[in-house]
Amino acid sequence: MKSTSTPQICAKPFESVVFLFGPTGVGKTELLLDLDPKKFSVVNADSIQVYRHLDIGSAKASSETLKAIPHYLVDIFDPWQQFSVGDFVAHADQACKEIHEEGKVPVLSGGTAFYFKHFLFALSEAPPSDEGVRLSVAKEIAEKGDAWAHSRLAQVDPISAKRIHPSDMYRISRALEIYEGSGRPLSSYAVPSKPRLGMKPLILGLNRDGDELKERIRQRVAQMFDEGLVEEIRHLIEMGANASWPALQGIGYKEFFQARISGEASRSMIAEQIERNSRAYAKRQMTFFKSFADVIWMDPTNKQPILSLINWYQGASSPSGR
RNA sequence: GCCGCUUUAGCUCAGUUGGUAGAGCAAAGGACUGAAAAUCCUUGUGUCCUCGGUUCAAUUCCGAGAGGCGGCA
């Protein structure tokens, strides 16, 4: 058992942490440079920026920004490794602990809503994904079909089967994997719904007008190509990258590998796909973020109020301030 | 200039043996139990290019015109 991923074992509960999230391209990274590195450190909450060698397409903070203020959870995995929300919570806990020990406040910044959710509420008690069981489940589904998978789930875990749509093979697979691996239905594991560790985060959501965000995404994709996205892809291919590498499901990467399979594609076609996928992703992110409670929504165009709020929170929660 | 093909949802296109039409993508909204930049759900009235003709009825058939594509000159 990995004790690091179970919050109860954490030696020192941490109450103060800033959440900074928003859809892709909204301007989170631009804000980080304005934080005082003596008071804050950044904890990356982005599922792709944890990977080494994926810099341009993942819109990772520049090396200058990384130098200017400490960043945790950036470049901690190789692109062929599987990173998961469980890894995120474990690493983020460790990072927050270190940051607090320095007398600073961690700023969790990123776009992966799923990570924020489970960092705040903890993970379900269900066991982590097991590669072996997952593969055998996948093999059986491939043989017997998607319809079989859902009816099988209806037998072993009717509660989950009712909740999960018959087409949602991603979740059906996970639910079957839990049953095969642990002998217990997924729905029998408790889902935490209260913030853990007495955490009292400052939850900041950044949002922009739809057309403005679209335009920023368009510009950012063009900028990625200018900065050498194609060379970054070439470098990954030289490393042996293929579409099965977990990191390469990221937008800005998968489009190239799909194009390789389907034939030639021009730069403008791939750029268009990246823009489209980014827009759809931003929309999904917003849907998820809007479901969060106690979010203070702010306009990233106006940096001062945001920074004031973060600084106020830091002052109020630092030992000397109590 | 002549001949052929073509014009239907924001885009690419189906289709109606004549009874006013539907897929994919896009767009909008939503879900989210350890892969989440993933995965999935819901939502489709549009002068069916224009004008005229035939018909109870035309987006569908006929004629003319306009735009596009291709071939021959």
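To find a chain, count down the sequence lines: A is the first, B the second, and so on, and within it residues start at 1. Side chains are part of it too, since the values below use all heavy atoms of this structure and drop only hydrogens, waters and symmetry mates.
- In the region residues 281-293 of chain A, proximity to RNA chain B at under 4.0 angstrom, judged on heavy atoms, holds for Tyr281(A), Lys283(A), Arg284(A), Thr287(A), Phe288(A), Lys290(A).
- Screening residues 289-310 of chain A for ring pair (Phe, Tyr, Trp, His ring centres under 6.0 Å) gives Phe21(A)-Phe289(A), Phe21(A)-Phe292(A), Phe288(A)-Phe292(A), Phe289(A)-Phe292(A) as the qualifying pairs, with residues at least two apart or on separate chains.
- For the side chain to side chain donor-acceptor pair (under 3.5 Å) test, no residue two or more places apart in sequence or in another chain qualifies with Gln249(A).
- Taking atom P in both G65(B) and U55(B), one finds a spacing of 24 Å when rounded to whole Å.
- Among the protein residues, Val85(A) comes within range of the sugar-phosphate backbone only, with heavy atoms under 4.0 Å from sugar or phosphate atoms but none that close to a base.
- The phosphate of A28(B) has OP1 or OP2 within less than 4.0 Å of a side-chain N or O from Lys214(A).
- Within the structure, every side-chain polar atom (N or O) of Arg276(A) is placed at least 4.0 Å from both OP1 and OP2 of C25(B).
- Residues from residues 75-83 of chain A that place a heavy atom under 4.0 Å from any atom of RNA chain B, listed by number: Gln82(A), Phe83(A).
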* Stepwise side chain to side chain contact (heavy atoms under 4.5 Å, CB included) test for Asp157(A) and Arg163(A) -> CA-CA 10 Å; Asp157(A) 184 355; Arg163(A) 186 175 57 82; over 6 Å; no

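- Heavy-atom neighbours of Lys162(A) NZ from other residues, nucleotides or ligands within 6.0 Å: at or below the threshold of 12.
- Annotation: side-chain contact (heavy atoms from CB on, under 4.5 Å) contacts of Ile237(A) (sequence neighbours excluded): Ile233(A), Phe257(A), Arg260(A).
- In the displayed structure, Leu33(A) atom CG is contacted under 6.0 Å by more than 12 heavy atoms of other residues, nucleotides or ligands.
- The side-chain contact (heavy atoms from CB on, under 4.5 Å) search around Ala126(A) returns Ser124(A), Arg174(A), Ile178(A), Leu186(A), Tyr189(A), not counting sequence neighbours.
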* To do: Report the secondary structure of RNA chain B in dot-bracket form, marking unpaired bases with a dot and bases paired to a different strand with |, and treating Watson-Crick or G-U pairs with both distances under 3.5 Å as paired.
  => (((((((..((((.....[..)))).(((((.......))))).....(((((..]....)))))))))))).

Write out a two-atom table: protein N or O, nucleotide N or O from nucleotides 10-13 of chain B, distance below 3.5 Å.
none

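- The side chain of Tyr170(A) contributes no N or O atom lying less than 4.0 Å from OP1 or OP2 of A36(B).
- At a threshold of 4.0 angstrom between heavy atoms, the contacts of Gly57(A) include nucleobase atoms, whether or not backbone atoms are also involved.
- Residue-level contact check: Asn277(A) touches neither bases nor backbone, having no heavy atom under 4.0 Å from any strand.
- In the hydrophobic cluster analysis, where Ile, Leu, Val, Met, Phe, Trp and Tyr join through side-chain heavy atoms closer than 4.5 angstrom, Val107(A) is grouped apart from Leu66(A).
- Between Asp211(A) atom CG and A28(B) atom C1' there is a gap of 13 Å when expressed in whole angstrom units.
- Nucleotides C48(B) and A21(B), compared at atom P, are 11 Å apart to the nearest Å.
- U6(B) and G44(B): their P atoms are spaced 31 Å apart (whole Å).
- A close approach under 4.0 Å does occur between a side-chain nitrogen or oxygen of Ser129(A) and OP1 or OP2 of A35(B).
- Residue-level contact check: Ser58(A) touches the bases, meaning some heavy atom is under 4.0 Å from a base atom.
- At a threshold of 4.5 Å between non-hydrogen side-chain atoms, the residues Leu54(A) and Leu248(A) count as touching.
- Within the 4.5 Å cutoff, the side chain of Leu120(A) has heavy atoms near those of the Phe19(A) side chain.
- Contacts of Gln304(A) classified as side-chain contact (heavy atoms from CB on, under 4.5 Å), with partners at least two apart in sequence or in another chain: Leu307(A), Ser308(A).
- Rounded to whole Å, the separation between the C1' atoms of A26(B) and G10(B) comes to 7 Å.
- Cluster annotation: Val133(A) and Leu123(A) are assigned to distinct hydrophobic clusters (Ile/Leu/Val/Met/Phe/Trp/Tyr, side-chain heavy-atom contacts under 4.5 Å, transitive).
- In this view, Ala149(A) and Ile141(A), Met169(A), Ile172(A), Leu176(A) satisfy the side-chain contact (heavy atoms from CB on, under 4.5 Å) rule, not counting sequence neighbours.
- Residues Met169(A) and Ser173(A) each lie close to RNA chain B; by heavy-atom proximity, the contact nearer the 5' end of the strand is made by Ser173(A).
- A distance of 11.0 Å separates CG of Asn277(A) from OG1 of Thr24(A), quoted to the nearest 0.5 Å.
- Checked for salt-bridge contact, Arg216(A) and Glu30(A) meet the test: a charged N lies under 4.0 Å from a carboxylate O.
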Solution key, residues 223-231 of chain A side-chain donor-acceptor pairs under 3.5 Å, sequence neighbours excluded:
| residue | atom | partner | partner atom | Å |
| --- | --- | --- | --- | --- |
| Gln223(A) | NE2 | Glu227(A) | OE2 | 2.8 |

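- Applying a 4.0 Å cut-off to non-hydrogen atoms, the residues of residues 147-166 of chain A that approach RNA chain B are Arg163(A), His165(A), listed by residue number.
- Cation-pi contact between Arg196(A) and Phe119(A): present, with separation from the ring centre below 6.0 Å and deviation from the ring axis of at most 45°.
- Looking at heavy-atom distances under 4.0 Å, Tyr253(A) makes no contact with the nucleic acid at all.
- To the nearest angstrom, P of U33(B) lies 16 Å from CD of Glu125(A).
- OP1 and OP2 of A26(B) both lie 4.0 Å or more from every side-chain N or O belonging to Arg279(A).
- At a cut-off of 3.5 angstrom, counting only N and O atoms as typed in the model, there is no donor on one side facing an acceptor on the other between the side-chain of Arg171(A) and the base of A35(B).
- Comparing the P positions of C61(B) and A28(B) gives a spacing of 37 Å, expressed to the nearest Å.
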